[in-house]
J.: 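Take this structure, written in structure tokens, and hold onto it; I'll ask about it next.
Atom set for the values below is all heavy atoms of this structure, side chains included, hydrogens, waters and symmetry mates excluded.
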Amino acid sequence: MSYEHEDECIAAELDPKEVRRIAKGLTRYAKQAEALGLTIFGGSGSGSLRIDDGKGRYEAI
């Protein structure tokens with residue numbers, strides 16, 4: 001289960017419920033990706049799906 005730091009959310013003027021909703025979605029998508037053999041890589045405002053074929057990782061999307 002995802003966990004948010006409520007005090008930090010409030011200090012950053014973020015809605016803890018919205019942060020929780022986003023975190024749960026990310027967790028759900030990460031599990032789905034893993035089941036397909038994909039790894040999620042992300043940064044600030046971007047992300048990619050990568051495949052590891054045993055010879056190395058390469059970007060799927």
J.: Going by side-chain contact (heavy atoms from CB on, under 4.5 Å), name the residues that satisfy it together with Q32, two or more places apart in sequence or in a different chain.
T.: R28, Y29
J.: Under the side-chain contact (heavy atoms from CB on, under 4.5 Å) rule, collect the residues that match up with D15, sequence neighbours excluded.
T.: K17, E18
J.: Using every non-hydrogen atom in the two residues, find where A30 and I40 come nearest and quote the distance to one decimal.
T.: CA-CD1, 3.5 Å
J.: May I ask you to list the residues sharing a hydrophobic cluster with I22, side-chain cutoff 4.5 Å, ordered by chain and number?
T.: L26
J.: What I'd like to find out is whether the side chain of D52 reaches to under 4.5 Å of the side chain of T39, using heavy atoms alone.
T.: no
J.: Under the rule for side-chain contact (heavy atoms from CB on, under 4.5 Å), what residues qualify as partners of I10, not counting sequence neighbours?
T.: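 For I10, the residues satisfying side-chain contact (heavy atoms from CB on, under 4.5 Å) (neighbours in sequence not counted) are E6, P16.
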